[in-house]
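Quick note on labels: first sequence line is chain A, next is B, and so on, each numbered from 1.
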Protein chains: 2
Amino acid sequence: MAELLVVGSVALDSVETPFGKVHDALGGSATYFSYAASFFTEVRVVGAVGNDFPTEHLELLRNRGVDVTALEILPGQKTFRWTGEYGFDLNEARTLDVQLNAFAEFKPKLGPVHRKAPFLFLANIDPVLQLEVLEQMDKPALAALDTMNFWIEGKRADLLRVLGRVDVLLINDTEVKMLAGEKNLLRASRKVLTMGPQALVIKHGEYGATIFFREGAFGIGKHPFRAPALPIEEVKDPTGAGDSFAGGFIGYLAATNDLSDANMRRAVIFGSVMGSFAVEKFSIERLMTLTRAEIDQRMRDMRRLVAFEEALPA
Amino acid sequence: MAELLVVGSVALDSVETPFGKVHDALGGSATYFSYAASFFTEVRVVGAVGNDFPTEHLELLRNRGVDVTALEILPGQKTFRWTGEYGFDLNEARTLDVQLNAFAEFKPKLGPVHRKAPFLFLANIDPVLQLEVLEQMDKPALAALDTMNFWIEGKRADLLRVLGRVDVLLINDTEVKMLAGEKNLLRASRKVLTMGPQALVIKHGEYGATIFFREGAFGIGKHPFRAPALPIEEVKDPTGAGDSFAGGFIGYLAATNDLSDANMRRAVIFGSVMGSFAVEKFSIERLMTLTRAEIDQRMRDMRRLVAFEEALPA
């Protein structure tokens with residue numbers, strides 16, 4: 001089992017969907033990621049909150065074995081807040097308000113233990129901050145990056161700098177096409193793979209995810225792999241699905257410390273499984289009651305969903 | 001091998017996409033369906049064209065072994081024409097013009113050979129016509145139905161009547177939600193399965209398709225199966241993708257005459273494979289050069305795209 005470091009937001013979210021709403025609930029990319037990854041490996045969070053951040057939220061993460069010693073509590077600051085809503089199709093959040101608060105001033109400083117983590121996830125924050133963290137690391141075995149349309153449009157040069165130095169980019173369909181300036185998914189993927197990463201995980205929302213590899217990436221060839229998403233009956237809030245996916249994906253890779261083709265495929269499935277749980281309730285509510293047995297059951301459900309045998313020759 | 005009957009449109013399409021355009025090209029649901037299905041089994045077409053319909057188009061179908069003796073050529077009539085265009089995302093056609101022509105007056109009358117076909121596909125036409133064909137059949141082993149938003153909204157009562165008498169409905173995401181009046185895909189599927197069919201094939205466009213079964217359908221349990229779509233580099237024209245999918249799916253079922261779970265899964269994969277070829281060129285151009293070896297290769301590509309093994313217990 002290898003350690004996993006994440007830098008990203010720890011936030012208080014106010015979210016409304018057709019199925020309910022929450023106010024100042026525990027959220028943030030690093031929160032969903034580390035909670036999901038904690039089912040697989042040891043996780044350390046780098047980030048910042050204000051001194052209004054409820055102690056019980058820190059306890060939740062600590063109880064999952066997450067190291068929060070590098071989650072700075074900035075005195076006189078407030079915690080990052082995001083307010084958003086979703087319509088009936090639940091496909092895209094409409095952001096109503098963002099208050100950076102503690103994140104506006106945040107300068108990550110990694111201690112010696114944190115620098116040595118062999119697996120790194122740069123969750124969706126300012127690419128300048130992502131680069132500051134990456135530069136302090138001792139050559140991780142695998143560095144993965146998330147981003148969003150806001151940075152692709154607004155901080156493209158910084159984003160390309162960090163993209164050139166990571167192994168895996170996690171991104172959604174719209175974003176990969178925007179980043180590549182190319183409407184065809186396959187051609188967009190190929191183009192983004194020339195920008196640095198060895199692999200690209202494209203998240204298709206309710207349709208799953210596809211991993212594309214650069215030729216010879218990780219010494220494992222170049223065939224893409226597509227994981228389905230499970231059809232879910234109760235989708236209450238999609239917030240955090242992508243970060244929970246990343247937590248399952250990188251958490252499993254770190255736990256097994258194995259970048260073989262077979263294991264990367266399994267990792268994508270674990271990512272899809274963790275995303276499928278996250279959306280069933282608001283905030284990290286569903287993850288809080290989750291068991292490893294439920295995760296393994298859903299992995300078997302995934303297998304049954306896609307398994308087929310070729311016909312025997314007539 | 002069992003025979004397969006299709007009723008649907010044989011048309012002249014004028015289509016423009018960002019990658020080219022065609023005028024009065026061979027199109028229509030029964031055309032794509034029968035051409036695709038002809039790679040698997042013997043197909044008979046029921047429909048009508050005008051006497052402006054080019055003889056070489058009939059020859060194309062005859063050369064694939066398609067029986068066009070019940071494709072009526074109505075004197076003094078023109079062939080059904082559809083004019084449409086697609087934007088860069090290629091997701092949805094914008095219909096610019098429809099001229100029913102020969103189809104406005106068409107009354108299907110099935111001869112004794114056609115009535116006995118054990119497999120039936122009611123392609124996307126007026127549900128009143130679909131019902132007229134279904135009522136003339138000698139209890140087919142499998143009757144499948146396609147439809148679209150136009151009939152769901154405009155002829156719901158007729159559609160529900162025919163839906164109550166078929167085994168399989170093929171439909172896309174938007175349509176199944178519209179038909180069920182329910183935004184969640186899984187709940188929408190369950191609701192539509194109470195309307196008659198034993199199985200529901202939901203086409204997700206570039207993300208593949210999922211088959212949902214009613215409890216105990218075909219004596220094969222109730223677990224859904226999701227086929228991916230292959231990421232395709234050159235998508236020129238999505239017209240006919242759904243009908244080519246149906247041709248692969250039902251064509252393979254008819255060829256094997258086997259409704260087991262394993263075979264239904266393979267059939268969905270063959271459907272997805274045929275759809276993936278259809279979109280690579282305009283009209284039936286790509287299907288015209290297609291070989292069975294290419295079909296089988298793409299089926300192996302599909303398998304490699306989704307195959308994964310569960311981890312061994314630690």
Under a 4.5 Å heavy-atom cut-off, does chain A meet the side chain of [X], its backbone, both or neither?
X      : answer
B/I232 : backbone
B/R304 : both
B/A227 : neither
B/D173 : side chain

Closest approach of B/A307 to A/F225 (non-hydrogen atoms, all atoms of both residues):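 So the two residues come closest at O-CE1, 3.4 Å.
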Minimum heavy-atom separation for B/Y207 to A/R226, with atom names?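 Smallest heavy-atom distance, with atoms named: CA-NH1, 3.9 Å.
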Separation between CZ of B/R266 and CD of A/E309, rounded to the nearest 0.5 Å: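 With rounding to 0.5 Å, CZ (B/R266) is 8.0 Å from CD (A/E309).
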How many angstroms lie between CD in B/E182 and CZ in A/F88, if you round to the nearest 0.5 Å?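 Those atoms lie 9.0 Å apart.
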Could you tell me whether A/E310 and B/R265 make a salt bridge, using a distance below 4.0 angstrom between a side-chain N and a carboxylate O?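 The answer is no: the pair does not qualify as a salt bridge.
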Part of [X] within contact of chain B (heavy atom distance under 4.5 Å):
X      : result
A/I269 : side chain
A/I211 : neither
A/R303 : both

Could you tell me whether B/Q297 atom CD has more than 12 heavy atoms of other residues or ligands within 6.0 Å of it? yes
Check whether more than 12 heavy atoms from other residues, nucleotides or ligands sit under 6.0 Å from atom CZ of A/F150, and answer yes or no.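 Counting neighbours around CZ of A/F150, 12 or fewer heavy atoms of other residues, nucleotides or ligands fall under 6.0 Å, so no.
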Side chains of A/F308 and B/V268 in contact at under 4.5 Å (non-hydrogen atoms):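 Heavy-atom side-chain distance check fails, nothing below 4.5 Å.
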Quick one: which of B/K183, B/E206, B/H204, B/R300 has the most heavy-atom pairs under 4.5 Å with chain A, could you say? B/H204
